[in-house]
Q: 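Attaching a single structure in structure tokens format; questions to follow.
These figures come from a predicted structure and were not determined experimentally. Atom set for the values below is all heavy atoms of this structure, side chains included, hydrogens, waters and symmetry mates excluded.
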Amino acid sequence: MGLLNVGARALMANQVALQTAGNNIANVNTPGYSRQTVALQTVQGQFSGAGYIGQGVDVRTILRNQSELLTRQAAAAGSVSAGDTVRAQRLSQLQEIFSGGPTGLGAAINDMMNAFSDVVAAPTDLSARTLVLTRMDETASRMRTSADRINEIQYTVTEELKNSANTVNSLAKQMAAINEQIARATGNGQTPNDLLDQREQVIREINQYVQTTQIPADDGTIGLFVGGSQPLVLGTTATEVAVGDSGTFPSSGQVNSGQVKLLFTRPGSPKIELDENMLGGGSISGLLRFNNTDLAEGRNLLGRMALAIGTTLNYQQTLGLTLDGVAGKPLFATTPSVPGLTLGTAVGSISFTNSASFSPTEFAASDYEVRFDADGVGGQVVRLSDGETTSFTNIANLASKPIDGLTFQFTNTTAVTANERVLFKPFSTAASDMKALVYSPRDLAAANPVNAAMGTANSGTLQLAELKTTGAHWNTTGNPPVFVDPPKIISNGVVGDITLGSPTIPSQIKLTYDQAQRGFIISGTNERPLDVPPTDTYVAGTTVVPYTSGQAIRLNGWSITLKGTPKDGDIVTVGDAKLDGDYYTRNAGNATALMNLRDVKMFDESTLSDGYASAMAQVGTRTQSALFASDLSKSIAVNLENDRTAVSGVNLDEEAAKLLQYQQAYQASAKMLQIAQSVFDTLIQNLGR
């Protein structure tokens with residue numbers, strides 16, 4: 001009977017081994033399956049006088065081949081790769097909006113600015129004027145189209161985030177159910193390998209959306225935590241997540257903060273917001289980073305261009321005269337103002353007007369946060385793009401200090417809510433709101449409202465190089481503008497402020513050259529030239545204003561640039577252009593000023609005409625960086641997954657060899673039973689005689 005028992009045990013053990021190898025082969029393509037191995041053990045031998053006689057073999061357990069360390073590392077690396085990949089894909093879509101070529105927005109801006117050259121050459125040519133207006137309408141249209149495409153991308157990102165959150169909730173419920181099954185199965189003393197594989201596969205799938213931390217429990221279950229400490233799955237309980245607007249800056253009417261968070265809600269607990277910096281990896285983190293940072297920057301770059309170009313051209317247009325001799329009207333409809341978003345009592349806004357504090361050349365493509373202190377009086381303005389801060393002592397003090405060309409105004413006259421935060425998005429809708437307003441070629445203000453003439457008795461080589469209106473005047477109490485002229489005049493360490501307004505156009509202003517003092521004496525107006533600081537003594541008709549060939553003399557909201565060498569007594573007369581009949585219709589001084597705006601440094605030291613190239617470079621650099629990060633994290637994830645599958649994966653060649661091995665062992669075990677049966681039959685026959 002001993003031989004029979006040994007053979008029977010061997011037959012059963014090898015049958016289990018064959019079945020396990022077959023199961024491995026069957027699941028070679030099953031996601032998450034871990035290779036299984038039969039663990040055999042010798043049956044305790046039976047003692048006899050001659051020693052211990054072997055009793056055969058038993059199956060101790062079915063081992064699951066896997067490395068806990070590699071499994072977790074592969075899941076974490078896969079999570080980071082998923083986040084980097086989806087962000088790079090979305091940035092590539094954003095980069096397409098800021099593309100170059102003849103159909104790009106940059107080409108439309110350059111075509112618009114260059115079209116002024118035809119008006120400068122022929123001010124009365126209606127076809128040249130029509131071309132300028134057509135280019136303006138095309139620029140505004142491309143601005144709106146680009147803004148619409150950004151909005152479309154944001155919509156698809158938001159929908160993908162919502163779908164991802166729903167998927168995470170479904171997977172979390174699956175894991176909670178598997179945890180319950182594992183807890184029950186673990187009580188029999190053996191590990192439920194297939195359930196463990198299913199749970200690890202679910203964890204890997206969850207990590208594709210949001211990176212998790214796994215903590216095992218004594219009952220065999222695993223707790224999943226997101227954001228470092230928030231339990232997504234705890235034992236057999238799953239917590240739902242959602243995606244929504246930040247509660248700090250809720251949407252108000254048509255104004256949206258644009259800040260999306262992963263909302264974590266546990267029964268009986270307040271809602272917790274998790275941002276991309278807390279989540280680590282996963283596609284949700286990548287999409288949040290793209291939406292809250294990359295897309296916001298792209299929208300701000302586009303909006304800054306639209307607002308700066310629109311307001312700057314509008315301002316210069318209003319300083320000129322149309323063919324009908326009236327002041328020009330704005331060329332573009334632009335965003336008039338933006339309100340702040342807050343949960344507190346503060347009511348603030350940024351108004352975009354041609355005030356002295358409004359400076360388009362200082363714009364930074366960023367959102368801003370006003371953070372009040374605990375006393376609700378003072379605080380800081382934070383530029384969110386780089387964290388640059390500007391402190392203020394109270395609301396009045398804040399309104400008196402332009403920041404990046406913007407003025408933050410609050411209607412509150414006293415303290416606001418303690419530690420209140422107010423979000424401002426000055427450029428979020430600028431491109432969407434941009435529209436061309438002038439369609440009649442006669443309404444293009446190409447002429448200067450002032451005219452200049454050299455004295456008929458001049459004996460020097462003095463020539464008029466440029467005459468343009470700027471609207472810049474001295475203002476000892478106002479704030480500096482930065483449309484065309486420098487915002488401040490510095491002389492001997494003394495700084496004076498300039499304000500913007502309409503040019504003062506008297507009937508005649510005379511500039512008479514004083515050769516002894518190498519400058520002009522200005523008569524016909526009592527206004528101080530901008531080149532003479534308000535602290536210096538100035539007497540109209542007496543004080544000499546220094547002259548340098550090619551350097552502008554600025555006065556009464558206009559500037560004149562002269563070249564050459566004048567003689568003593570040479571005269572330049574400046575006056576109302578309309579007093580000289582219809583000569584102003586053939587004047588293109590303001591058209592020249594409009595055209596020259598293309599060379600004004602407008603966007604981070606880039607000129608107006610090169611501003612789009614600068615924006616395209618910023619988005620392109622961000623995209624290339626994201627693609628590099630995606631390739632790197634993908635390479636790391638693939639290597640770690642290969643290391644994991646080297647331990648857990650099924651090798652068909654190895655399993656085929658095992659099949660042959662166990663088949664031979666099984667046949668030998670069967671032969672052992674056959675021999676035992678023959679011995680037993682011989683014994684019975686002999687005993688029966």
Side-chain angles (χ1 to χ4, degrees), residues 227 244-265 269-278 288 292-293 296 299-300 303-304 307 335-353 355-359 362-430 477-480 497:
D245 293 340
S246 170
T248 306
F249 304 111
S251 300
S252 175
Q254 298 298 320
V255 183
N256 193 314
S257 70
Q259 296 295 302
V260 181
K261 308 292 182 182
L262 182 67
L263 308 178
F264 191 88
T265 306
S269 301
K271 185 180 297 184
I272 299 174
E273 294 184 1
L274 303 177
D275 61 25
E276 60 274 15
N277 297 318
M278 300 172 63
L288 289 178
N292 298 341
T293 304
R299 181 179 281 110
N300 285 334
R304 178 179 67 165
L307 190 60
T335 302
S337 65
V338 294
L341 296 175
T342 183
L343 278 175
T345 60
V347 179
S349 65
I350 297 175
S351 178
F352 303 119
T353 60
S355 63
S357 59
F358 183 60
S359 307
E362 295 184 5
F363 285 167
S366 176
D367 296 335
Y368 295 82
E369 225 182 82
V370 177
R371 299 174 182 174
F372 289 93
D373 296 334
D375 58 6
V377 178
Q380 293 180 326
V381 179
V382 182
R383 188 168 62 201
L384 298 181
S385 61
D386 58 5
E388 180 73 20
T389 61
T390 302
S391 299
F392 61 91
T393 56
N394 52 53
I395 291 175
N397 175 247
L398 173 61
S400 68
K401 53 171 60 178
I403 300 171
D404 296 337
L406 305 172
T407 299
F408 298 83
Q409 299 175 331
F410 287 85
T411 59
N412 306 64
T413 57
T414 58
V416 300
T417 305
N419 298 315
E420 185 170 356
R421 297 165 61 185
V422 186
L423 176 67
F424 290 92
K425 301 175 69 65
F427 310 112
S428 60
T429 62
T477 60
N479 292 310
D497 291 337

Q: With rounding to the nearest 0.5 Å, note down the distance linking CD in Q259 to CG in L288.
A: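 One gets 10.0 Å once the value is rounded to the nearest 0.5 Å.
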
Q: Can you check whether S366's main-chain N or O pairs, donor with acceptor, with S385's side chain at less than 3.5 Å?
A: no

Q: If you compare all heavy atoms of T393 against all heavy atoms of V377, which two are closest, and at what distance to 0.1 Å?
A: O-CG1, 3.4 Å

Q: Is the side chain of D275 donor-acceptor paired with the backbone N or O of M278 at a distance under 3.5 Å, no angle test?
A: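 Looks like yes, one N/O pair under 3.5 Å.
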
Q: Would you check if T390 and Q380 make a side-chain contact, meaning some heavy-atom pair closer than 4.5 Å?
A: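 Side chain of T390 against side chain of Q380, heavy atoms only: no contact under 4.5 Å found.
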
Q: Roughly how far apart are E388 CD and Y368 OH, rounded to 0.5 Å?
A: 10.0 Å

Q: Let me confirm one number: the CG-CZ distance from L341 to R421, rounded to the nearest 0.5 Å.
A: 12.5 Å

Q: Quick check against the 3.5 Å criterion: does D373 have a side-chain atom that pairs as donor or acceptor with the backbone of D375?
A: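 Flag not set: sc D373 to bb D375 has no pair under 3.5 Å.
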
Q: If you take all heavy atoms of N412 and V347, which pair is closest and at what distance?
A: OD1-N, 3.0 Å

Q: Give, for atom CG of N277 and atom CG of L274, the distance between the pair rounded to the nearest 0.5 Å.
A: 11.5 Å

Q: Are L343 and T417 side-chain neighbours, meaning at least one heavy-atom pair lies under 4.5 Å?
A: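 The answer is no; the side chains never approach within 4.5 Å.
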
Q: Do you know the tightest heavy-atom contact between S428 and N300?
A: N-OD1, 4.4 Å

Q: Measure the spacing between CD1 of I395 and CD of Q409 and express it to the nearest 0.5 Å.
A: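 Here the rounded value is 11.5 Å.
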
Q: Testing V381, L384, D367, V370 for side-chain contact (heavy atoms from CB on, under 4.5 Å) with F424, which one passes?
A: V370

Q: Please, which pairs that meet salt bridge (charged side-chain N to carboxylate O under 4.0 Å, His left out) have at least one residue in residues 403-420, sequence neighbours excluded?
A: R383-D404

Q: Can you confirm if the aromatic rings of F363 and F427 lie within a centre distance of less than 6.0 Å?
A: yes

Q: Could you report the tightest heavy-atom contact between T335 and A430, atom names first, then the distance?
A: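 Minimum heavy-atom contact is OG1-CA, 3.2 Å.
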
Q: May I ask you to decide if S391's main-chain N or O and K401's side chain share a donor-acceptor pair within less than 3.5 Å?
A: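 Here the side-chain-to-backbone pair exists.
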
Q: Grab the two heavy atoms, one from P426 and one from I350, that are nearest each other, plus how far apart they are.
A: CB-CD1, 4.2 Å

Q: Kindly write out the residues that satisfy side-chain hydrogen bond (donor to acceptor under 3.5 Å, both in side chains) with R299, not counting sequence neighbours, or none if the list is empty.
A: N151, Q154

Q: Write down the atom of A418, the atom of A374, and the distance for their closest heavy-atom approach.
A: CB-O, 3.0 Å

Q: Are the side chain of T342 and the backbone N or O of G344 linked by a donor-acceptor pair below 3.5 Å?
A: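 Yes, T342 side chain to G344 backbone: donor-acceptor pair under 3.5 Å.
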
Q: Once you round to the nearest 0.5 Å, how far does CD1 of I403 lie from CD of E362?
A: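 Here the rounded value is 11.0 Å.
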
